[in-house]
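Remarks on the structure that follows.
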Amino acid sequence: MLNQLPIDLADLILLISFTIIYLIFLLYDLFKRGDKYGSIAYIAALLPSNFLWYAVTKKNLYDFGLTGSMMVLAIFWLLAVVRDIFIKDKEKGFKDADDVALMLIIGIVINLILSAVLPSLKGVNNNMKEGADTIWNFFYIPLLDPAATNAPVLGIIITYKILATILTIAIIIPIVLDLKDAKVTLAALAILTVIFLLPFTYLAFIWSPAPELIWVFLILFGVIFFAFLLIITRGEKN
């Protein structure tokens, strides 16, 4: 029966342990310890998700692979965002959305570093590079082309895209809503749009059916976002 496990038993135990560590920080406020360690959940989520990448590729499960592992990471991060913005701080008018975005950015940067380091470590699973795409042949990212070699199943790809989009929107909307009815110049709105083009670039990348259409999607997202800012803000009186 143990031979039928999708990953090794030892790896499964470690995966469960790493997940429990994440859940402890996710639910840390329930322990009423008085310390503000709940934000560590964004970093702790990297442990089970990246170890899952290692464990499944070691067993040649490329139909799940890096994309499925990062799908799990998106779920973990989304749970933390819902906890911090839509549950814990809803009565405050989403004032802590900026702090949540900062923690998420830190988590993304660390995850990018891990995606470059882990597959290159000597003695580590050499299959981690399989079923993954690369940026500059250095950073390994989820493979989103179902026709590629060792690509994950289509359902994993679509689910990852949807979760990544929901996660991005869940961060952006609360931040933007804090600007509601604020007096902002057109120049400031343009600067804000440029700043938010970074997450929109990734959304354009994952949803574009062809590389040459990424810019089309990016411009579309930028125009929609700028129009949204115009609607919810007010211009300064002359």
Side-chain angles (χ1 to χ4, degrees), residues 6-8 10-11 14-15 17-19 21-22 25 39-81 100-153 156-157 159-165 167-168 171 195-208 211 214-215 218:
I7 62 177
D8 294 338
D11 291 341
L14 285 173
L15 178 62
S17 299
F18 289 146
T19 304
I21 291 174
Y22 160 76
F25 287 108
S39 59
I40 298 179
Y42 294 95
I43 309 302
L46 301 177
L47 291 173
S49 56
N50 281 279
F51 187 79
L52 182 60
W53 173 22
Y54 161 82
V56 296
T57 52
K58 187 170 73 172
K59 301 288 282 189
N60 299 324
L61 296 177
Y62 305 124
D63 54 348
F64 189 84
L66 174 60
T67 304
S69 301
M70 293 303 102
M71 177 191 71
V72 172
L73 178 60
I75 294 173
F76 286 165
W77 274 346
L78 189 57
L79 289 175
V81 168
V100 174
L102 177 61
M103 289 303 302
L104 197 58
I105 290 172
I106 293 174
I108 291 172
V109 171
I110 296 176
N111 195 54
L112 276 175
I113 295 173
L114 290 175
S115 73
V117 173
L118 292 178
S120 302
L121 289 176
K122 291 183 178 179
V124 179
N125 174 19
N126 293 326
N127 294 340
M128 292 182 73
K129 297 179 181 180
E130 299 295 332
D133 205 349
T134 59
I135 300 178
W136 304 316
N137 294 320
F138 188 69
F139 299 103
Y140 288 86
I141 62 173
L143 180 60
L144 304 177
D145 182 5
T149 303
N150 292 328
V153 297
I156 295 292
I157 294 175
T159 303
Y160 170 77
K161 289 182 178 182
I162 293 174
L163 287 172
T165 303
L167 179 62
T168 303
I171 287 292
I195 293 174
F196 280 96
L197 280 182
L198 185 57
F200 287 141
T201 299
Y202 189 66
L203 292 184
F205 169 75
I206 65 176
W207 287 108
S208 176
I214 292 178
W215 289 105
L218 181 58

Item to complete: Not counting sequence neighbours, list each pair that qualifies as a salt bridge (charged side-chain N to carboxylate O under 4.0 Å, His left out) and has a residue in residues 44-58.
Response: D8-K58, D11-K58

Discussion item. Let's go through I206 and Y202 carefully: what are the C-alpha distance in whole Å and the side-chain angles of both, what is the deciding distance for side-chain contact (heavy atoms from CB on, under 4.5 Å) to 0.1 Å, and is it a yes or a no?
Written reply: CA-CA 6 Å; I206 65 176; Y202 189 66; 3.6 Å; yes

Worksheet item: Could you give the distance from CZ (F200) to CD1 (I195), rounded to the nearest 0.5 Å?
Response: 12.0 Å

Response to the item:
The reported gap from CG in L14 to CG in L52 (rounded to nearest 0.5 angstrom) is 12.5 Å

Discussion item. Has W53 got a side-chain atom pairing as donor or acceptor with M70's backbone, closer than 3.5 angstrom?
Written reply: no

Item to complete: Could you pull out all residues at least two apart from K129 that satisfy salt bridge (charged side-chain N to carboxylate O under 4.0 Å, His left out)?
Response: none

Discussion item. Distance check, rounded to the nearest 0.5 Å: I113 atom CD1 versus I108 atom CD1?
Written reply: 12.5 Å

Output side-chain donor-acceptor pairs under 3.5 Å for residues 40-51, partner residues at least two apart or in another chain, one line each.
from, atom 1, to, atom 2, distance (Å)
Y42, OH, A80, O, 3.2
Y42, OH, D84, OD2, 2.6
S49, OG, A45, O, 2.9
S49, OG, L46, O, 3.3
N50, ND2, L46, O, 2.9
N50, ND2, N111, OD1, 2.9

Practice prompt. State, to 0.1 Å, how close L78 and L163 come at their nearest heavy-atom pair, and which atoms those are.
Written response: CD2-CD2, 4.3 Å

Practice prompt. Under the side chain to side chain donor-acceptor pair (under 3.5 Å) rule, collect the residues that match up with W215, sequence neighbours excluded.
Written response: none

Practice prompt. Write down the atom of D63, the atom of I156, and the distance for their closest heavy-atom approach.
Written response: O-CG1, 3.9 Å

Fill in: With F76 via ring-ring contact (aromatic ring centres under 6.0 Å, His included) - residues at least two apart
Y22

Distance-only check: which donor-acceptor pairs under 3.5 Å involve side-chain atoms of residues 131-152, not counting sequence neighbours?
from, atom 1, to, atom 2, distance (Å)
D145, OD1, A147, N, 3.0
N150, ND2, E130, OE1, 2.9

Worksheet, complete the sentence: Distance col, row T201:OG1 vs F205:CZ, nearest 0.5 angstrom, shows 11.5 Å

Discussion item. Within this structure, what is the CG-CD1 distance for the pair L203 and I214, rounded to the nearest 0.5 Å?
Written reply: 11.5 Å

